[in-house]
Structure formats: C-alpha cells, structure tokens
Amino acid sequence: MKIATVIVDVPTLGTDKEFDYLIPEKWIGIIEPGMRVAVPFGPRTIQGFVTGVKSDSPFSNKLKALKEPLDITPVLNKELLELGEWLATDTLSFKISCFQAMLPAAMKAKYEKRFLRINKEHNPFLDDLFAGKQEISWKKAEERNILPALHAEIKFGNAEVVYDVKSLARKKMIKVYQTMMVNAEILTLLNSLPSNASNQKKILEFVLKQQADEYSAKELSETGAPQSSIQALVKKGVFSEKSVEVYRDPFEHKQFTRTEPHPLTNEQQEAISPILDTIECEKYETYLLYGVTGSGKTEIYLQSIQKVLDKGQEAIVLVPEISLTPQMVDRFKSRFGDDVAVLHSGLSIGEKYDEWRKVQRKEAKVVVGARSAVFAPFENLGIIIIDEEHETSYKQEELPRYHARDVAIYRAKHHHCPVILGSATPSLESFARAQKKVYHQLTLSRRMNNKELPHVSIVDMREEMRDGNRSMFSRELHSKLADRLEKKEQTILFLNRRGHSSFMMCRDCGYVMQCPHCDISLTFHRYTNEMKCHYCGFNTFVPNTCPECSSNHIRYFGTGTQKVEEELYKIFPDARVVRMDVDTTGRKGAHEKLLEHFQSGKADILLGTQMIAKGLDFPNITLVGVLSADTMLHLPDFRASEKTFQLLTQVSGRAGRHELSGEVVIQTYTPEHYSVQFAGKQDYDRFYHQEMIMRKVGSYPPFYYLSLITISHEDLMKTVSTTEKITKYIQSRISDEAIILGPVASPIPRINNRYRYQCLIKYKHEPDLKPTLHKVLEHYQQQFIKEGLTISIDVNPYMMM
DNA sequence: AGCACGCCGACT
DNA sequence: GTCGGCGTGCTC
C-alpha cells in the first residue's frame, strides 16, 4: 500500500497540513513528491501538492484514493518543497500559498463544475434540463436558473456533479509541415498541376528554393498562398502535418549583439576575486557589493555568472521590477544569449509559464527576473545576485509576505554558493550586517570612466516662494533647462508623487475632500475628471464649489506629471517632452517605446515618477531635476529618510554618466534635512552614520527586528478591544527585552469602512514570538471568522500602513 | 474555501 | 407538513 501526503489547495488554518491519500496501483512509482495531483476533498475535487510517499497512515480507515497526477515530472524539487515549509513557518503563511508563490501563475488550478446525466432513458424533463446533451456546465445551469431542479435530479440518482481540476496554462502549439518528397518528385508534381493551381505552384517553388525539411505554417503562408492550398498539398503527400509546442518568446523581434567580457579595472578585479574563489570552492557567503552608480557592478555580475556557467552551474539574477529596466535585460541577453530566461511582471501568464519551463527543462541556465524569480527551479545553483538590493519591491506585500533576500540566502546555503547584494545605496540592514562582518563587503568607489560625480545644487523652495516665484520650477532649474534646450542636451525631470498626490482643498475654509469609507483624502484625476480613493476605489465628481462653504476658490494641491507637462509647454513651447507614469505606460511595451523615443534623441525632456529613477543609462543626459525632494520624507514610516536618500542619490546618478558631465538640481522645502544634504553630496557613509543614530534612538531595524499585527473590523470598539487583548497575550508570552507599541490606530485608520488598529513588536531575540503569533492565529481563528474580524501579521514589515 | 448537515420560521 | 434561511463543522 502506497500513500501520498498532500497539501491541498485550501488556504485556511484548519487545512494547512498534510492529508493522506491512497496511490492507485497504476500510479505507484509514478507519483512523486513535488507533483501536483487532483484529489477528492470532501465532496469536491481539488488540486494538491504531493509532499511525500509513505506506506501506512493513521487515517487508514477513511483513506480516499487520489484521482490523478497533474504533472508528468515534479514541478517542485526536494529543495523547493523544504523551502516552502520553511517559508510557511517563517512568514506565518499557509504552505499551499508558499508552494503556489514558487510557481508561475499559469500552474494555479482552475476549478470547474459540471452536471452529468446518469439516467439516459427517454424523459422529456431531463432532456429539457440537459438541453438534449449528456452534461451541462454549472455556469450554464446557473444562468438558466435550473440549479434546484438539477439538485433534485441528483437526489433521485438521475444526475451527478463532477469537479474538474484544470490548469490555467495553455501550451502554445503551431502547425509544422514536414517535406515528404524529394526534389524530383516535387518537380514532377509541379509540372502536372493544372495551370489554375497557381497557389500550390507558388508553395512548391518556394520549397524547391528553400530545400528545408520543415516549414512552419507562417513561412508557407508568407508565399501568399491560402491555408487551403497548403492542405491540398498535404493531401497530395507533399507534406505531413504535425503540431509542435513552441515557446512564446517575448524577445522574438529583438536583436541582441553578442558582447564579450570587458577588461576589469583594478578595483573591479579586487572585488570579483573573492566571489570567484567562493564559486570555485562551492561555499556559502553573502557579499555586499557596494559600488557608486556607474562603477561597473553589472560587469562583475556578468563575469561571475560566466564562471558559474563554465562550471556547469546555474545563476539567478534578481532585479527590481525588471520591465522597468529593459537595458539590464539587454545586457544579460547580449552576453549569454539563449541561456537566459526572463521572468517579470510585464510578461503575459503564458509567456511567464514558457520562460519558467525553459528553466525546468534545463534549457536556460540564467534567470533574470523580479522577486519571484528567486524560486527558479534550478538544481545546481552557482550564484544568486540581487541588484539594487535596497529596493523595497523585493518584499512581497501579499501572502506569503516573504523577502527575496531571505529566500536567496536560504537557497544559497543549501547550494553552497555565494549571494551578491549589489547597491550604490545599500539598505541600512545590509550595510550594518556588512559592518558586523556577517556579510562580506566589496567596495567599488570609483566610476568606470573616472568621471566625476555630477554637481548637485539644492534649491530651497521656500526662498523661491519668498522671492515671489510661485512656479514649480525654481529660477535655477528654469535657467538650466533653457540652457540644455539650447545646447540640444537631454534632461530628466523627476517628480515624486507619493506622499501627497494631488488633493483638493478649499482656499476659503480649508475643506479637503475625504473618502467617505476610508480616512484618507481623495486624489484628483485630471484625465477622468474624478476624485478617487486609492484604497477602496470610491470615486465621485469634481466639485465646482466647496461642498462645505460653497466658495468657488478651490485649488488642487500636489503636482501631477500632467500638470508639470502642461507647465513645461507653457514656459518652453518648443520643448519635446516624454511623460512616463502609470497613465502613459499602462499598455504592454509602452514603456520600452517611450524610452527608445527618448534615447534616439526625439525628445529633450523625460518627465516621470519613481519608475525613471532606476537603471536608465543614456549618454546625452546632462541635467537631472528633482521637482520636490521631500514629498515622501514626512510619511509615517521609519524608513522615510532612507528611501528619500536612496531615491535622490539614484536619480542624481542618472546625469553625466558618459562624456558629458552632468548637473543635478534638487528642489526641496526642507533643504536642511540630512537625507537631502547627504544625497546632494552623494555621501552614503555619513548618511549611514546619521541614520543609524536615528534608528538606535527609535529602536528600529537594524537594531531591532519588527513584527506588525494589524486587526480590522467595522466596529471601532471591537477593533480596539481585540487588538488590546492580542497585545496583552503576546506581552505575557515574550520577554521584557521586547518593546511593544500599541494598540494604536494604523496610519490609515479606516479603509473601506473598516477600522484598523495595530500592534508593533520590536525585539532582538525572541524565539517564542513566532510560535506565539501562530497561537494567536489559531486561537482567534474561529472567533475572527464568526465576528468578521481580520488579522494580518507581517514579520519584518516594509509597509507600515 | 466550499459544501453538507442540521435546526428553526413562512408558505404551497 | 416542507422549503429554505444560514450557523457549525469537516475535509485524509
């Protein structure tokens, strides 16, 4: 008797455990751990992951047999199965959610229900119900309002319900035509064809010219012949037709010119050599590659990977939201060609699935991708690289709330290989670990071409205001912009819209339009002319007069990119502006198009939000302007200073990377703030020291770890009292060393009419905390569902909202 | 999560 | 009497 242990696709606490299933005789030896299977679960059939195979079970009296395997080979190997279990404990998530997070979305199951007719005797009523067929889908039955009738028939034994477990994935198939005749035969046929068969003749002539064994349907139809002519030739035995699976290639129409390794500078040489050693001796080590922008980190990545590939191993490269850095993908594709699989959010579900399968089938040796690419199913991993290590997008905000850096380190330990964390502005956590020698620090302090860092000037916008300049461009930025336009050099204008995006305020009474369901002000959307809530989606018309005092002195505060664009055209009517934000880059590929447009010199100014801060490298940019540096500085987040510093430094790094030297203008209302000051000087080390003092005083990371618990409910009192109870419980079970803040209202105290309270735990070493938090979930579970409470626990949170 | 089972109110 | 409301509890 063989029994499979299965984690079922039901993400709840009660079912977050292994269920035992009998393996039918015919699949013994075929069902393996890591495969997806369809299993009966209660009255339904659902998907599950096999985690093990054993010979007996404590449930032997009520064992059911599994229905069928959904994979031919396991989709999760032993390492990934173990990683999933660890991840579930570490982030307090369900095992099933962790397994699903490791696979492309296409592999998530899709469930469908059908009614099957059992009684096939002539019966007008049944004939009518089933519309003369043997089965009817649940959806159809629902539409036709015959669910009760069908349920009755099930009771009579005339029908039954079947559950289908389907995969979202569709393999893409194309028709291929194999040549079945030799030239002489084709020639004979060609001559015997009637004169009006011009299309068939075209194809045969094409075949005689090409002399290939196989032709795709596309190739043949390019001769101008219709499908019917091809079919005619298949009938005549010229071709045999077959279907083959093809990968959807997102880079189909892109050409990559092969690059060779560049000679390394002394500094690069020094940095890469310990990495190469670690690869050689196959041991685990985390390196923090701290290198200023333009110091050549990527070449170090490339050459380290080359070494890994030479050893027959594989590499993972994580980049933040990769669709935003097409230049990065190009560099990897150019060096390693088809060995590279790319996984990022810009791909369709099918494309992602295909790229993933290239990895699984060992057709790709290098994966370049966003956060989830850290789970690439390699079995002989030689290196994991995390570029722009400080980026917060490496933390997943939905369940499972994991950080790619932690997963990378876990996997590297398993594979005995190095992790490289690269950044010009490392996260405080990583830099502190490097200082404590937990990570091994490698430094690149000089730019490759020995170009000096751009000159940065910080402009105090309060002074501009005092001097009567009420425009969003300071006099300095204005004159420099004019200068660049004159010289035909390019400018990047960076607008940080986060923080306070455009909201509406009455200048007479100070009324600010709020969302009726959430405690947050509504955002003004010019293109739809609506006031919108970014949290619950509520929207309403834009008022002409103040709803409170009927004044018509209504102003829109905060500056959107559209508004800046309009202003720009007012001041510089001839400037050619490319605007990049969520509105202009929504469509697939729009991003690349806009960048190409700018790169080819068809525009003078690139105006955008966060997304233009990263990785762009254009030679002709000599001016970078930051319109308001401090919009995110006042967010209720202990990382606000760090984020501001990183952003300003990254943006500044976009200027003067090549022959032309660059200038940066940072406009701010708080020029004295240390993160603005040190970013202006590009002085990471002094920023680090200052910020470490702030973190120490506030007992924040990297001095303390954090766990954040958020409780929400429609009733304020209920929310507060529950949070209080939970806080007390936790307090009683951990040491006095830990600091507990709360219960306090969340920074956004109400979303979608639900009040939100939280409790923040700061601690250094609390081995009992995670088990305690798990107990909280377990203990309150039933009560929570019953009373409509929701609880979310975030270990090491990055979003404090 | 779904779904069945079960125990109480308004109808043919 | 029964249909159907949704509270409760289970799923190998």
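Side chains are part of it too, since the values below use all heavy atoms of this structure and drop only hydrogens, waters and symmetry mates. A, B, ... follow the sequence lines: proteins, then strands. Residue 1 opens every chain. Note that the structure is predicted; figures quoted are calculated from it, not measured.
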Using a cut-off of strictly less than 4.0 Å, decide whether A:K17 has a side-chain nitrogen or oxygen near OP1 or OP2 of C:dC12.
no
Between atom CZ in A:F19 and atom P in B:dG2, what is the gap in whole Å?
15 Å
Taking atom P of B:dG2 as reference, at what distance in whole Å does atom CD1 of A:I46 sit?
9 Å
Please check the phosphate of B:dG2 (OP1 and OP2 only) for any side-chain N or O of A:R44 closer than 4.0 Å.
yes
Can you tell me if A:E429 and A:N796 form a side-chain donor-acceptor pair at under 3.5 Å?
no
Would A:R44 count as a cation-pi partner of A:Y111, with NZ or CZ less than 6.0 Å from the six-membered ring centre and within 45° of the ring normal?
no
In whole Å, I'd like the distance from the CD1 atom of A:I154 to the C1' atom of B:dA4.
13 Å
Please report the distance, rounded to the nearest Å, between CG in A:L13 and C1' in C:dT11.
15 Å
Roughly, in whole Å, what's the span from NZ in A:K67 to P in C:dC12?
11 Å
Nearest to the side chain of A:V10 - B:dA1, B:dA4, C:dC12?
B:dA1
Does A:F41 reach a base, just sugar-phosphate, or nothing at all? Heavy atoms under 4.0 Å.
base
Please work out which of the three classes, parallel, tilted or perpendicular, describes the rings of A:Y729 and A:H779, given edges at 30° and 60°.
parallel
Among C:dC12, B:dA4, C:dT11, the one nearest A:T15 by side-chain distance:
C:dT11
Euclidean distance, atom NZ of residue A:K2 to atom P of C:dC12 [Å, nearest integer]
22 Å
Report yes or no: do A:H415 and A:E79 form a side-chain donor-acceptor pair below 3.5 Å?
yes
Under 4.0 Å, counting only non-hydrogen atoms across every strand here, what does A:Y163 touch: a base, just sugar-phosphate, or nothing?
sugar-phosphate
Over how many whole Å does the gap from A:D9 atom CG to C:dT11 atom C1' extend?
14 Å
For A:E112, is there an ion pair with A:K110 - N to carboxylate O distance below 4.0 angstrom?
yes
Output yes when at least one side-chain N/O atom of A:K62 is less than 4.0 Å from OP1 or OP2 of C:dC12, else no.
no
Looking only at the side chain of A:T12 (C-beta and beyond, no hydrogens), which of the listed nucleotides B:dA4, C:dT11, B:dA1 gets closest?
B:dA1
Between C1' on B:dA4 and NE2 on A:H151, what's the gap in Å once rounded to a whole number?
11 Å
Under 4.0 Å between a side-chain N/O of A:K113 and OP1 or OP2 of B:dC3, yes or no?
yes
